[in-house]
Amino acid sequence: MFCGEYVQGTIFPAPNFNPMMDAQMLGGALQGFDCNKDMLIDILTQRSNAQRQMIAGTYQSMYGRDLISVLKEQLSSHFKEVMVGLMYPPPSYDAHELWHAMKGPGTDENCLIEILASRTNGEIFQMREAYCLQYSNNLQEDIYSETSGHFRDTLMNLVQANREEGYSDPAMAAQDAMVLWEACQQKTGEHKTMMQMILCNKSYPQLWLVFQEFQNISGQDLVDAINDCYDGYFQELLVAIVRCVQDKPSYFAYKLYRAIHDFGFHNKTVIRILIARSEIDLMTIRKRYKERFGKSLFHDIKNFASGHYEKALLAICAGDVEDY
């Protein structure tokens, strides 16, 4: 983040909120063979997550049914993923995404990287609890069994949520920068461990100082140095952590651009980032996207998605109209 900059989401609590009226409208929209998708979009994308939880509670008492289950039954494809995703509280949504990234054959390493590199200590604690409640499994144990090597060690360190907070020590920063520089030169197992310990455990303000010192010592940006020295998921995870420390909205703008352009619109990634960041920094992510890639996120989604799925994504993306 740029120092002192204010980040902003795109979804805010609706004024004059009436959960009973919303629950009734949803009840009507979800009745019959052909549900009213426009009504679902108008309600669920225009309420904060806390308000959606109240709507779900009211819906349950009115109709005796779980709203998420009804949405899963009535909807299909990517539109269903968006509407159902909006209904999870944030820690449950992260837990849901991680569970699906690891269950079944193969592991979605990119999902593990994106979530664990970007979440705060508090978010990781809540996500671990939600994971345990929803799936009766231990998140750390699942990550341990689904990954390997230094990639696994780094994920296991992140999921402990042991990052120092708010603390910085300029004298220590020069020392840490030397360790990182040596780790890029030597590349031994021990050096990899030291590198990930610094990146996973030091506070963001401390790491800003470390990155500046690294640049002074090596004449190189740490991301470029990591890309030169390492490869595979370990390298991708280290780069994700560094990018998140430097500027989290820029990291997500980059991830969205790649998901849209390099992976032929990777729906899961686009949906996950838009929902997870909608109340945190999605407006700022949109700003970074436009600055860095020339076209607006709104424009790119419009180009690649269609129908009610497109309409739902654009509604989450919304906010100001200035760069459509």
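These numbers come from a predicted model, not from an experiment.
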For residues Tyr233 and Phe151, establish whether the separation of their ring centroids is below 6.0 Å. yes
Less than 4.0 angstrom from a charged side-chain N to a carboxylate O is my criterion; do Asp281 and Lys248 meet it? no
Work out which heavy atom in Gln53 is nearest to a heavy atom in Tyr88; give both atom names and the distance. NE2-C, 3.8 Å
Closest non-hydrogen atom pair, Leu209 against Ser168: CD1-CB, 3.9 Å
Ser296 versus His299, side-chain donor and acceptor atoms under 3.5 Å: no
Is a salt bridge present between Asp108 and Lys268, judged by a nitrogen-to-oxygen distance below 4.0 Å? no
Classify the angle between the aromatic ring planes of His78 and Tyr309 as parallel (below 30°), tilted (30 to 60°) or perpendicular (above 60°). tilted
Establish, from distance only, whether the side-chain atoms of Gln134 and Ser92 form a donor-acceptor pair under 3.5 Å. yes
Donor-acceptor side-chain pairing of Ser69 and Asp66 below 3.5 angstrom: yes
Crowded around Trp99 CH2? As in, over 12 foreign heavy atoms under 6.0 Å? yes
May I ask you to check whether His96 and Tyr135 place their ring centers less than 6.0 Å from one another? no
Same apolar cluster: Leu199 and Tyr230, side chain cutoff 4.5 Å: yes
Does Arg292 qualify as a cation-pi partner of Tyr254, given the criterion of NZ or CZ under 6.0 Å from the six-membered ring centre and within 45 degrees of its axis? no
Report the relative orientation of the aromatic rings in His150 and Phe234; use parallel for angles under 30°, tilted for 30 to 60°, perpendicular for over 60°. tilted
Answer yes or no: is there a donor N or O on one side and an acceptor on the other, between the side chain of Arg272 and the main chain of Glu97, under 3.5 Å? no
Does a donor on one side chain and an acceptor on the other come within less than 3.5 Å for Glu165 and Asn121? yes
